[in-house]
Amino acid sequence: MKKRKNFIMKIEDNIETFNSLLKRQGFIWGPSPEIYGGLAGFYSYGPAGMALKNNILFLFRKELRALGFGEVECPTVMPEIVWEASGHLERFIDPVIKCKKCESIFRADKFLKEKLPNTMIDGLSFEEMEYLIKSNSIKCPECDLEFENIEDYNLMLKTKVGSGNTAYLRPETATTTYLLFNRLDQVLRRQYPLKVFQFGKAFRNEISPRQGVLRMRSFDQFELQFFISKEQEFNFEEFDSVKHTKLPLLDWKLQNKNIEIPNQIDLENAINEKILKKPAYAYCLYLSYYLVSKLGFPEEVLRYRQHSPNERAHYADDAWDLEIYTQQFGWVEICGIHDRTDYDLKRHGKFSNQNFEVRMNIDSNEKEVPQILEIAYGIDRIIYTLLETNFNVEKDRINLKLSDNVAPNQVAIFPLVKNKEKIRLLAKKIHNDLLQELIYSYYDESGSIGKRYRRQDELGTPYCITIDYDSLEDNTVTIRERDSMKQIRINISEILLIIKNGIQKKKE
RNA sequence: GCGCCACUUGUCUAGUGGUUAGGAUACCAGCUUCCCAAGCUAGUGACCCGGGUUCGAGUCCCGGGUGGCGCACCA
């Protein structure tokens, strides 16, 4: 009889393998709703993705609590006046001209600037721009038809509340945090800088969302705010303890020279060399790095890139992006650090007729409107980049090298064979005991032992514990480490400690 | 939004007008198994949606959706 050749499945080391892993293992699904064909820019998280996300949120919250931050949560819908005050209404509505024939769409102001280089376009009203189009007989470059009126394309999702009041879904969480300023000032007892953060959904009606979860129309932000005095920005206590931290900084002057490689520079030097202006802002760069460093990104994929002056948002005095290098999309912004000055509070003070001037320095009677420094993470982008940069194809397996503290399953428990009842029962007992200790344990008895190891490797589970015949005699089990695939034999009573502290301690 | 291309089970794919829509893998049930995707047996599961052409459409045509690339957009 002919023996069938062992089938060895070749795992392709490419981005398609990664993309299918995201779906197969239940990290990210979409566009949602998939059964109806999907709506572009909207995605869902499966159980594995949600477990990962919750682990990240838990870590961030724990760290921030230790640093004295308070957490708030605001509505996702806010009335029109909020966005008038914040400047988003003006900045997020683009005037566009549409060709009636071929449906081509252009930004009206940019298009006019190009066609009429000698005319001042900035600040013109829609009517004035329409007049320019008609008087100069400006035509569609595609099909030569004359343009008619200007329409607005609104990047904010608009809705009606109650009896028809116009409201918008927030395009960022930050603004909604600022609206709580007078409350926070009281409840945080004027201990400046006030430190707060908010996690939640924000919405942008992207014209054409692409790149999967990197440009969603509904996405999660995690935004930290410092309300701080001008004096404190330059004289910031915590800066001293972090000033020797080196960060990979790519300022805009380097970018202008087409330099792509950041300088590893310590923060004190960055201040001295005027790459950064304010120690408090430099501390924000440090803090943004500190939180991300808990998640297990490889060192070499991370950099800080400064916005050039004309790339900055309407409110920003200085802006740097924390970027991660990905195979699929190149450098991806996962966090923006913005010096928003007193722009937001001044505007909201004015539009709401509130006085947001406070006395921030006990030595002085002077009042001032606080400055705001912001650290804004895109949680979905963190999840995507973390998964992609931790994804590895090894000889005959996929290994998702997630850190112990973010992996969806902390440990998996297997009976070596499933047809020996005593082994199964012991395995289930160990599994249940771990669940009781709030360890995310996963029980699996189906297929061969090797297949079960592979399943967990794809989910990034750092440890697998196998209960075998010897376990019944001497209360020991094998624990197998994901990356090395090495196993050691430990006592059942040691499991909990090893899961909590990592296997390194045991080896030493 | 525009142009070009694509869309078949959970995933990857074969299928150019008549197929019980094929395979791999996954999953599930059972057997086996003293540690890394083994083997055996059985099973579930798909033509993106709508319309048209045709005796007959996964296949051709039109519209829509979604994705990829290019343009535009991305405070």
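What you see below is based on every heavy atom in this structure, not just the backbone, and it leaves out hydrogens, waters and symmetry mates. Residue numbers begin at 1 in each chain, while the letters A, B, ... track the order of the sequences.
- In this structure, the CD1 atom of A/Ile467 is 15 Å from the P atom of B/C35, given to the nearest Å.
- Taking the ring centroids of A/Tyr384 and A/Phe18, they lie under the 6.0 Å cut-off.
- At the heavy-atom level, A/Glu394 lies nowhere under 4.0 Å from the strands shown.
- Comparing B/C27 with B/U54, their P atoms are spaced 47 Å from each other, to the whole Å.
- Within the structure, a side-chain polar atom (N or O) of A/Tyr469 is placed less than 4.0 Å from OP1 or OP2 of B/C34.
- The residue A/Asp457 sits apart from the nucleic acid: no heavy atom pair falls under 4.0 Å.
- Judged by distance alone with a 3.5 Å cut-off, no donor-acceptor contact links the side chain of A/Ser208 to the base of B/C73.
- Straight-line distance between the P atoms of B/C5 and B/A75: roughly 31 Å, to the nearest whole Å.
- A donor N or O paired with an acceptor N or O is not found under 3.5 Å between the base of B/C49 and the side-chain atoms of A/Tyr36.
- B/C74 atom P lies 10 Å from atom CZ of A/Arg91, rounded to whole Å.
- B/C34 atom P lies 17 Å from atom CG of A/Asp474, rounded to whole Å.
- For B/A38, one of the phosphate oxygens OP1 or OP2 lies less than 4.0 angstrom from a side-chain nitrogen or oxygen of A/Ser448.
- Among the protein residues, A/Gln487 comes within range of the nucleic acid bases, having at least one heavy atom under 4.0 Å from a base atom.
- Between A/Tyr168 and A/Phe92, the ring center distance fails the sub-6.0 Å criterion.
- Using C1' as the reference atom, B/G45 and B/U8 are 13 Å apart when rounded to the nearest Å.
- Using a 4.0 Å cut-off between charged side-chain N and carboxylate O, A/Lys53 and A/Asp220 make a salt bridge.
- Across all strands shown, B/G17 forms no Watson-Crick or G-U wobble pair with both distances under 3.5 Å.
- Aromatic ring pairs are classed by plane angle as parallel below 30°, tilted from 30° to 60° and perpendicular above 60°; the pair A/His88 and A/Trp83 is perpendicular.
- Across the P atoms, B/G23 and B/A57 are found 25 Å apart, a figure rounded to whole Å.
- Distances shorter than 4.0 Å separate some side-chain N or O of A/Lys451 from OP1 or OP2 on B/A26.
- Rounded to whole Å, the separation between the P atoms of B/G63 and B/A6 comes to 15 Å.
- Atom pair A/Asn399:CG and B/C36:C1' shows a separation of 13 Å (rounding to whole Å applied).
- Pair assignment for B/G56 gives none, since no Watson-Crick or G-U wobble pairing has each distance under 3.5 Å.
- For B/C2, the paired nucleotide is B/G70, the pair qualifying as Watson-Crick or G-U wobble because both relevant distances are below 3.5 Å.
- Within 4.0 Å (heavy atoms only), A/Arg455 reaches sugar-phosphate atoms of the nucleic acid but no base atom.
- Between B/C31 and A/Asn419, no contact under 4.0 Å exists linking OP1 or OP2 to a side-chain N or O.
- Annotation: side chain of A/Leu39 is not in contact with side chain of A/Pro31 (no heavy-atom distance under 4.5 Å).
- Electrostatic pairing of A/Arg340 and A/Asp317 does not count as a salt bridge here, judged by no charged N lying under 4.0 Å from a carboxylate O.
- Side chain A/Asp468 to base B/C34: no donor-acceptor pair is found below 3.5 Å.
- Toward the 5' end of RNA chain B, the nearer of the two residues A/Leu39 and A/Val417, judged by each one's closest nucleotide, is A/Val417.
- As a whole-Å value, the separation of A/Ile11 CD1 from B/U25 P is 13 Å.
- A straight line from CD1 of A/Ile15 to C1' of B/G68 spans 14 Å, rounded to a whole angstrom.
- Pair check for B/C7 finds B/G65; Watson-Crick or G-U wobble, both atom distances under 3.5 Å.
- Nearest-nucleotide positions on RNA chain B place A/Gly41 closer to the 5' end than the other of A/Phe92 and A/Gly41.
- Comparing the C1' positions of B/A42 and B/G52 gives a spacing of 43 Å, expressed to the nearest Å.
- The gap from the P atom of B/U44 to that of B/C48 amounts to 22 Å, rounded to the nearest Å.
- Between A/Tyr377 and A/Phe222, the ring planes lie perpendicular to each other; the angle is over 60°, past the 30° to 60° tilted range.
- In terms of polar N and O atoms assigned as donor or acceptor, the side chain of A/Arg215 comes within less than 3.5 Å of the base of B/C73 in a complementary pairing.
- Applying the 3.5 Å distance criterion, the base of B/C35 shares no donor-acceptor pair with the side chain of A/Arg480.
- Contacts of A/Ser446 with the nucleic acid, taken as non-hydrogen atoms under 4.0 Å apart, involve only primed sugar atoms and P, OP1 or OP2.
- Taking a 6.0 Å sphere around CD of A/Gln211, one finds it holds more than 12 heavy atoms contributed by other residues, nucleotides or ligands.
- Rounded to whole Å, the distance from NZ on A/Lys420 to C1' on B/C35 is 15 Å.
- When both distances must be under 3.5 Å, the Watson-Crick or G-U wobble mate of B/U41 is B/A29.
- Atom name P, nucleotides B/A29 and B/G22: the rounded distance is 24 Å, in whole Å.
- Residue A/Leu157 contributes atom CG, which lies 15 Å from atom C1' of B/C74 at whole-angstrom precision.
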